[in-house]
Amino acid sequence: MTPGKSAETARPARRRLSVDRRREELMAAALELFSTRDAEDVSIDDVASAAGASRALVYHYFGGKQELYVAALKSAAEQLESRLRPQGGGRPLDELASGLRRYFDFVEEHATGFAALLRGGPADRAGEVGEIVDGVRRRLFRLIQKQMQVDEPSPVLRMTLRSWIASVETAGLDWLERRDIERPMLEKLLVDHMVALLRVAAAHDGEVAGLLERLS
């Protein structure tokens, strides 16, 4: 056997993947890195190494780190939003609890995607990345609005619901980091938190007071 042939035989065969599958692997590797480090600290070489791919291949599929970052976050956002599609048929608070279960199903099953999507807070969100994160929040807001049968929320109710969504995001990140509370307890806590916020808001807004009475 010639030396050249021996070297070729020793080299591991390269996996043949479809374009979609290769893109998914690269985005998954990127999400894993972006979930624990700032985007500025992650290089294309880091992503390529984590995915077992070449630097050139990453550039071939995404053009650069920003394009990869945006594509990875969009993938995570689309997966989360698919979980938030309303089921219908139950009482508003029961529907809210069901939506939270689906939300935390995603948090638990796609921890890196969730952390990468929300890590850093609003101050670090701008441009296309900010639109992705805000899109998830708008989807969740519309879902809650539909569950509560509210066509146009008053300013007080709007701020109350947006504050609750921020609490849910923070709770999800905290739970991923510590996991020192059982998921069912966390979900029940957040439903009770919504009711408590509405009670406070009801003291300042008649529309919220009527909504709270319907929910009760």
Side-chain angles (χ1 to χ4, degrees), residues 4 6-85 100-140 165-166 168-181 183 186:
S6 174
E8 182 179 337
T9 304
R11 188 182 302 123
R14 187 171 181 174
R15 292 181 301 158
R16 290 184 175 274
L17 298 175
S18 68
V19 171
D20 288 344
R21 181 59 183 158
R22 175 59 76 182
R23 281 177 57 86
E24 287 172 5
E25 283 202 348
L26 292 172
M27 287 190 292
L31 284 174
E32 183 76 39
L33 294 169
F34 292 138
S35 70
T36 57
R37 292 156 58 185
D38 291 335
E40 295 78 10
D41 297 330
V42 178
S43 69
I44 287 292
D45 288 334
D46 292 333
V47 176
S49 176
S54 68
R55 190 171 189 266
L57 190 65
V58 181
Y59 277 112
H60 171 73
Y61 281 112
F62 296 101
K65 186 174 73 173
Q66 181 64 17
E67 289 85 350
L68 172 59
Y69 184 43
V70 169
L73 293 186
K74 277 184 178 178
S75 174
E78 288 167 2
Q79 292 178 61
L80 176 55
E81 288 186 11
S82 70
R83 301 290 183 98
L84 300 180
R85 290 171 187 156
L100 274 174
R101 282 194 298 272
R102 298 194 303 275
Y103 185 91
F104 279 100
D105 281 345
F106 175 86
V107 171
E108 188 164 18
E109 295 168 18
H110 303 278
T112 56
F114 178 82
L117 187 63
L118 297 180
R119 185 174 180 268
D124 295 334
R125 305 301 179 192
E128 196 168 5
V129 173
E131 279 299 311
I132 294 169
V133 178
D134 286 342
V136 173
R137 290 171 179 151
R138 287 193 296 268
R139 175 73 174 174
L140 186 55
I165 290 169
V168 171
E169 291 177 358
T170 302
L173 290 171
D174 182 83
W175 184 76
L176 279 179
E177 180 183 350
R178 302 175 185 277
R179 297 191 185 241
D180 52 1
I181 183 174
R183 253 191 65 185
L186 173 60

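For the 3.5 Å distance criterion, the side chains of S82 and E78 fail to qualify, holding no donor opposite an acceptor.
Considering CE of M27 and OH of Y61, their distance stands at 11.0 Å, rounded to 0.5 Å. The CG atom of L100 lies 8.0 Å from the CG atom of L186; values are rounded to the nearest 0.5 Å. To the nearest 0.5 Å, atom CD of residue E169 and atom CG of residue L140 are 8.0 Å apart. One distance of note links CG of L33 with CG of D38; it measures 12.5 Å at 0.5 Å rounding. Considering OG of S75 and CG of L117, their distance stands at 10.0 Å, rounded to 0.5 Å. The OG atom of S49 lies 12.5 Å from the CD1 atom of I44; values are rounded to the nearest 0.5 Å.
Scanning both residues, A53 and R22, for their nearest heavy atoms gives CB-NH1, 4.0 Å. The nearest pair of heavy atoms linking G113 to A76 is O-CB, 3.7 Å. Taking both residues in full, the closest heavy atoms of Q79 and F106 are given as CB-CE1, 3.5 Å, listed atom of the first, atom of the second, then distance. In this structure, A77 and V136 approach most closely via the heavy-atom pair CB-CG2, 3.6 Å. Here the shortest heavy-atom pairing between L176 and F114 reads CD1-CD2, 3.6 Å. The minimum heavy-atom distance between I132 and K74, with the atom names listed, is CD1-CG, 3.5 Å.
Looking at V70 and F62, their side chains never come closer than 4.5 Å, going by heavy atoms from C-beta outward. Here the side chains of Q66 and E128 are not in contact, with every heavy-atom distance at 4.5 Å or above. With a 4.5 Å cut-off on side-chain heavy atoms, R23 and L26 do not count as touching. By the 4.5 Å heavy-atom criterion applied to side chains, Y103 and L80 are counted as neighbours. In this structure, the side chains of R138 and E81 stay at 4.5 Å or more apart for every pair of heavy atoms.
Under the 6.0 Å distance and 45° angle rule, R179 counts as a cation-pi partner of W175.
Classification of E108 and R101 as a salt-bridged pair fails, no side-chain N sitting under 4.0 Å from a carboxylate O. A salt bridge does not link R102 with D105: none of the charged nitrogens is closer than 4.0 Å to a carboxylate oxygen.
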S43 and D46: side-chain hydrogen bond (donor to acceptor under 3.5 Å, both in side chains), yes or no, with the steps? CA-CA 5 Å; S43 69; D46 292 333; 3.1 Å; yes
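A side chain to side chain contact (heavy atoms under 4.5 Å, CB included) with L68 is found for exactly one of V47, V42, L73, namely V47.
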